[in-house]
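To start, the structure under review is shown below, and the notes come after it.
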Amino acid sequence: MVEIRLTNTKTRKKDIFRPIREDDVRMYVCGPTVYDRAHLGNARPVVVFDTLFRLLRHVYGEDHVTYVRNFTDVDDKINARAAKMVSDGDTRPLEAIIRHLTDETIGWYHADMDALGALRPTLEPRATEWIGAMIGMIEALVAKGHAYAKDGHVLFRVRSYRDYGALSGRSVDDMIAGARVEVAPFKEDPMDFVLWKPSTDDLPGWDSPWGRGRPGWHIECSAMSYELLGESFDIHGGGIDLQFPHHENELAQSCCAHPGAGFANVWMHNEMLQVEGRKMSKSLGNFFTVRDLLDQGVPGEVIRFVFMGTHYSKPMDWTAEKAAQAEATLRKWRGLVAGIEPAPSPAPAVVAALADDLNTAGAIAELHRLAGAGDAAGLKASAAMLGLLEDGMGNWAEAPAADLSGWAETLAEARAAAMESKDFSRVDHLKAGLLAAGVEVRMSKAGVELLPGPEFDAAKLEGL
């Protein structure tokens with residue numbers, strides 16, 4: 001059997017992956033809060049853990065892997081969106097508005113992640129379907145002295161769990177000194193966090209031993225993972241932004257509710273995403289959703305390919321140049337595998353790269369080797385391991401790519417003439433016009449190569 005090694009946040013090293021049961025491999029990944037479109041950063045963990053899901057299915061068998069990713073459909077941001085809809089004139093009951101909003105957002109999410117070639121997880125629980133389980137877990141924590149009720153709130157007593165902070169590598173006192181923590185009159189300690197909070201009549205709420213209210217965010221994942229995967233399971237994943245406090249709090253409350261169980265054996269976190277070298281931000285004008293890119297004509301397969309060029313544990317920089325290069329590569333590969341039956345199994349080197357802590361860049365390098373060797377069948381089977389070159393994703397490649405060969409010849413001739421005359425004004429003029437039209441210009445001793453980028457506009461070449 002293939003030996004898989006994964007970097008475990010808990011141990012801070014790359015460990016051999018040994019599932020609790022080889023015939024029942026279990027993974028939980030924190031899903032979205034469904035109040036708006038998924039932005040590009042939200043998509044990175046989807047692709048990362050979809051790739052891991054594919055690897056686990058390949059090694060252990062499709063029927064022996066359970067992947068759970070939740071939907072958080074009770075949250076203050078959802079409530080705020082619903083309240084805005086009411087103020088804009090929506091006359092439906094609040095519960096109906098919220099259900100419509102979350103259903104619609106889940107539909108968007110599915111459509112956008114499907115476009116990236118992500119397999120649907122085995123189970124996709126909604127938080128509102130598991131409120132009873134959350135209340136039960138909170139009651140157990142109170143009974144064991146790990147939580148307390150005050151003023152309609154129930155809070156987790158952080159200092160009752162001696163290993164709190166081990167996952168993120170922080171001490172409680174350092175966290176209090178260096179972080180913003182909510183100081184509230186109902187807290188025994190500033191670090192204590194909310195398990196249950198009261199709801200007013202104009203907010204969603206459920207009856208509980210502590211009055212009408214709703215769950216805190218952290219308890220949701222602990223309760224759902226317990227109900228669907230058990231006290232202990234194999235892998236817990238998510239973005240690095242969830243390591244603290246969300247995952248730290250999940251770990252603490254789960255271990256206290258089920259002493260003796262380990263909760264998740266392996267913790268995996270993907271790093272953040274940047275755009276053109278800068279943090280994605282609405283104020284910088286570089287914030288966009290997956291749907292924005294799809295609507296601009298960037299194929300989902302191209303987005304997936306760009307993500308895979310960077311190891312999940314490193315910050316990833318999305319650039320228009322990377323997208324253009326990915327599109328050119330995928331067009332070439334799709335032409336190579338068109339009408340070809342895939343090999344019976346992926347190339348061992350591709351599987352080995354993925355088994356080495358999801359080394360997707362190494363796997364893609366092997367795909368380049370297969371393509372260069374003309375092994376179309378091997379390329380198709382191996383690419384499928386990465387969710388690439390699959391039949392259902394290739395419609396975009398059927399459209400002809402922009403033919404820039406004439407412009408490449410013109411630029412090459414102009415450059416040759418300039419080398420003789422030392423007057424590069426014509427070259428500069430052509431290059432500037434091509435760049436303005438969204439064309440990537442590559443000039444080397446081997447010649448001139450022009451690649452249409454995501455913003456390519458053929459109309460801008462007229463008159464050049």
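What you are looking at is a predicted structure, and each value in this text was computed from that prediction instead of being measured.
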Next on the checklist: Do R304 and T51 make a side-chain contact, defined as non-hydrogen atoms from C-beta onward lying under 4.5 Å apart?
Outcome noted: yes
Checklist entry - H246 vs H218 aromatic rings, parallel, tilted or perpendicular, using cut-offs 30° and 60°? => result tilted
Checklist entry - Yes or no on side chain to side chain donor-acceptor pair (under 3.5 Å) for E250 and H236, after CA distance, side-chain angles and deciding distance? => result CA-CA 11 Å; E250 269 190 77; H236 195 315; 2.9 Å; yes
Checklist entry - Has R170 got its NZ or CZ under 6.0 Å from the middle of the six-membered ring of F244, at an angle within 45 degrees of the ring axis? => result yes
Item to check | R426 NZ/CZ over F424 ring centroid, <6.0 Å and within 45° of normal | outcome: no
Checklist entry - Looking just at side-chain N and O atoms, do T289 and H39 make a donor-acceptor pair shorter than 3.5 Å? => result no
Checklist entry - Should the pair D90-R92 be classified as a salt bridge under the 4.0 Å nitrogen-to-oxygen rule? => result yes
Next on the checklist: Run the side chain to side chain contact (heavy atoms under 4.5 Å, CB included) test on K322 and W318 for me, step by step, so that the C-alpha distance in whole Å, both residues' side-chain angles and the decisive distance to 0.1 Å come before the verdict.
Outcome noted: CA-CA 7 Å; K322 287 180 181 179; W318 172 272; over 6 Å; no
Next on the checklist: Taking the ring centre of each residue, are F305 and W333 less than 6.0 Å apart?
Outcome noted: yes
Checklist entry - Are T7 and K13 side-chain neighbours, meaning at least one heavy-atom pair lies under 4.5 Å? => result no
Checklist entry - What is the ring orientation for F233 with Y28, classed by angle as parallel under 30°, tilted 30 to 60°, or perpendicular over 60°? => result tilted
Checklist entry - D112 versus R37: any side-chain heavy-atom pair under 4.5 Å? => result yes
Item to check | Heavy-atom pair with the smallest gap, counting every atom of A326 and V306 | outcome: CB-CG2, 3.8 Å
Checklist entry - Can you name the residues that form a side chain to side chain contact (heavy atoms under 4.5 Å, CB included) with I340, not counting sequence neighbours? => result A376, A377
Checklist entry - Below 4.5 Å, heavy atoms only, C-beta onward: do L52 and F49 meet side chain to side chain? => result yes
Next on the checklist: Are the side chains of L461 and L434 in contact, using a 4.5 Å heavy-atom criterion?
Outcome noted: yes
Checklist entry - With a 4.5 Å heavy-atom cut-off, do V48 and D50 have their side chains touching? => result no
Checklist entry - Taking atom types as modelled, is there a side-chain donor on D73 or T128 under 3.5 Å from an acceptor on the other? => result yes
Next on the checklist: Over 60° means perpendicular and under 30° means parallel, so tell me whether H247 and W267 are parallel, tilted or perpendicular.
Outcome noted: tilted
Checklist entry - Atom CG in D234, atom CZ in R18: separation rounded to 0.5 Å? => result 13.0 Å
Checklist entry - Short question: side chain of T72, backbone of T33 - any donor-acceptor pair under 3.5 Å? => result no
Next on the checklist: Taking the side chain as everything from C-beta on, heavy atoms only, tell me whether E22 gets closer than 4.5 Å to H64.
Outcome noted: no
Checklist entry - Can you tell if the side chain of D15 reaches within under 4.5 Å of the side chain of V266, non-hydrogen atoms only? => result no
Checklist entry - Salt bridge check: are R5 and E3 linked by an N-O gap of less than 4.0 Å? => result yes
Checklist entry - Say you draw a straight line from OG of S225 to CG of L123; how long is it, rounded to the nearest 0.5 Å? => result 12.0 Å
